[in-house]
Amino acid sequence: QVQLVESGGGLVQAGGSLRLSCAASGRTFSTYAMAWFRQAPGKEREFVAAISWSGGNTHYQDSVKGRFTISRDNAKNTVYLQMNSLKPEDTAVYYCAAHRFAELVSRDVRLYDYWGQGTQVTVSS
């Protein structure tokens with residue numbers, strides 16, 4: 001029903017910036033809440049940020065507050081993650097995810113119905 005494709009990952013030095021994009025197909029995309037998760041080798045997949053359908057509700061993992069910004073442009077069927085002041089501990093595969101409860105922002109990985117393939121972010125020291 002919904003397909004998600006991440007892009008924008010790559011290699012960046014500590015202190016640098018990167019913007020991830022998640023392009024969605026499906027005409028109901030604008031009714032979905034969206035989120036970013038990340039997973040490093042040997043670690044559990046962890047919540048990064050979430051945004052409601054309206055864009056009015058957002059929630060962030062404590063470790064990225066003040067550095068990362070999630071946003072969406074429903075007209076373009078795209079969600080973004082602007083990452084500033086990157087640290088080596090931000091290194092992970094970043095995944096875009098979606099669920100059907102439009103205004104619910106959640107860090108619970110079990111809630112999300114649709115997932116992208118992931119994009120690698122590597123931050124060098």
Side-chain angles (χ1 to χ4, degrees):
Q1 180 66 30
V2 177
Q3 292 78 46
L4 306 175
V5 180
E6 303 96 334
S7 62
L11 176 65
V12 65
Q13 291 185 331
S17 297
L18 209 58
R19 189 178 77 159
L20 305 184
S21 298
C22 175
S25 62
R27 298 186 186 276
T28 62
F29 171 71
S30 63
T31 69
Y32 285 72
M34 305 291 295
W36 291 93
F37 291 79
R38 65 188 181 186
Q39 188 167 26
K43 302 293 195 298
E44 297 289 328
R45 188 168 297 189
E46 69 172 355
F47 171 80
V48 177
I51 186 167
S52 63
W53 172 42
S54 69
N57 296 317
T58 59
H59 183 61
Y60 295 90
Q61 168 71 242
D62 286 344
S63 66
V64 308
K65 286 181 179 177
R67 300 189 297 121
F68 291 10
T69 302
I70 188 170
S71 62
R72 68 190 299 162
D73 185 341
N74 290 340
K76 295 181 178 180
N77 292 328
T78 302
V79 174
Y80 305 96
L81 185 67
Q82 179 67 47
M83 304 184 293
N84 299 325
S85 301
L86 282 161
K87 304 175 180 180
E89 51 263 45
D90 295 318
T91 295
V93 177
Y94 283 69
Y95 296 91
C96 179
H99 69 72
R100 294 164 290 175
F101 306 110
E103 295 303 303
L104 175 63
V105 290
S106 175
R107 60 173 58 238
D108 189 348
V109 67
R110 298 170 296 180
L111 185 63
Y112 290 84
D113 301 303
Y114 304 101
W115 295 85
Q117 83 290 344
T119 186
Q120 176 70 231
V121 171
T122 303
V123 184
S124 62
S125 60

Chemist: Supply the atom-to-atom distance Arg72 CZ to Ser52 OG, rounded to the nearest 0.5 angstrom.
Modeler: 7.0 Å
Chemist: Do side-chain atoms of Thr58 reach the backbone of Ile51 as a donor and acceptor pair under 3.5 angstrom?
Modeler: no
Chemist: What pairs with Thr122 under side chain to side chain donor-acceptor pair (under 3.5 Å), at least two apart in sequence or on another chain?
Modeler: Gln120
Chemist: Side-chain contact, heavy-atom cut-off 4.5 Å: Phe68 with Trp36?
Modeler: no
Chemist: Applying salt bridge (Lys or Arg N to Asp or Glu O under 4.0 Å), can you list everything that pairs with Glu46, at least two apart in sequence or on another chain?
Modeler: Arg38
Chemist: For the residue pair Leu4 and Ala98, what are the closest heavy atoms and their distance?
Modeler: CD1-N, 4.0 Å
Chemist: For the pair His99 (side chain) and Leu104 (backbone), establish whether a donor and an acceptor sit closer than 3.5 Å, ignoring hydrogens and angles.
Modeler: yes
Chemist: Within the side chain of Arg107, is there an N or O that forms a donor-acceptor pair under 3.5 Å with the backbone of Ala50?
Modeler: no
Chemist: Identify the two heavy atoms, one from Ala40 and one from Thr91, that lie closest to each other, and give their separation to 0.1 Å.
Modeler: CB-O, 3.9 Å
Chemist: What residues form a side chain to side chain donor-acceptor pair (under 3.5 Å) with Gln3, not counting sequence neighbours?
Modeler: Ser25
Chemist: How far apart are the closest heavy atoms of Asp108 and Ser106, and which atoms are they?
Modeler: N-OG, 3.1 Å
Chemist: Which pairs of donor and acceptor atoms, one on a side chain in residues 79-87, lie under 3.5 Å apart (sequence neighbours left out)?
Modeler:
| from | atom 1 | to | atom 2 | distance (Å) |
| --- | --- | --- | --- | --- |
| Gln82 | NE2 | Asn84 | OD1 | 3.0 |
| Asn84 | OD1 | Ser17 | OG | 2.8 |

Chemist: Just verifying a value: how many Å separate Glu89 CD and Ser125 OG, rounded to the nearest 0.5 Å?
Modeler: 10.0 Å
Chemist: Could you tell me if the side chain of Val109 sits less than 4.5 Å from the side chain of Glu44, heavy atoms only?
Modeler: no
Chemist: Keeping to residues at least two apart or across chains, list the disulfide bond (SG atoms under 2.5 Å apart) pairs with something in residues 35-77.
Modeler: none
Chemist: What residues form a side chain to side chain donor-acceptor pair (under 3.5 Å) with Ser21, not counting sequence neighbours?
Modeler: none
Chemist: Which residue pairs satisfy the disulfide bond (SG atoms under 2.5 Å apart) criterion with at least one member in residues 61-95, sequence neighbours excluded?
Modeler: none
Chemist: Tell me whether Val2 is reachable from Ile70 by hopping between hydrophobic residues (I, L, V, M, F, W, Y) whose side-chain heavy atoms are closer than 4.5 Å.
Modeler: yes
Chemist: Between Phe47 and Phe37, how do the two ring planes meet: parallel, tilted or perpendicular, split at 30° and 60°?
Modeler: perpendicular
Chemist: Write down the atom of Ala102, the atom of Thr31, and the distance for their closest heavy-atom approach.
Modeler: CB-O, 3.1 Å
Chemist: Determine, using the 4.5 Å side-chain heavy-atom cutoff (strictly less than), whether Val105 and Tyr32 are members of one ILVMFWY cluster.
Modeler: no
Chemist: Please identify each residue that fulfils side chain to side chain donor-acceptor pair (under 3.5 Å) with Tyr95, with sequence neighbours left out.
Modeler: none
Chemist: Holding to salt bridge (Lys or Arg N to Asp or Glu O under 4.0 Å), I want the full list of residues that pass it with Arg45, two or more places apart in sequence or in another chain.
Modeler: none
Chemist: Output all residues satisfying salt bridge (Lys or Arg N to Asp or Glu O under 4.0 Å) with Lys43, sequence neighbours left out; order by chain, then residue number.
Modeler: none
Chemist: Give a yes or no on whether the backbone of Cys96 and the side-chain of Tyr112 come within a donor-acceptor separation of less than 3.5 Å.
Modeler: no
Chemist: Rounded to the nearest 0.5 Å, what's the gap from OG1 on Thr78 to CG on Leu20? Could you check?
Modeler: 12.5 Å
Chemist: Output every pair passing salt bridge (Lys or Arg N to Asp or Glu O under 4.0 Å) with a member in residues 6-24, not counting sequence neighbours, ordered by first then second residue.
Modeler: none
Chemist: Between Met34 and Trp115, is there a shared hydrophobic cluster once you connect ILVMFWY residues whose side-chain heavy atoms come closer than 4.5 Å?
Modeler: no
Chemist: What residues, two or more places apart in sequence or in another chain, satisfy salt bridge (Lys or Arg N to Asp or Glu O under 4.0 Å) together with Arg100?
Modeler: Asp113
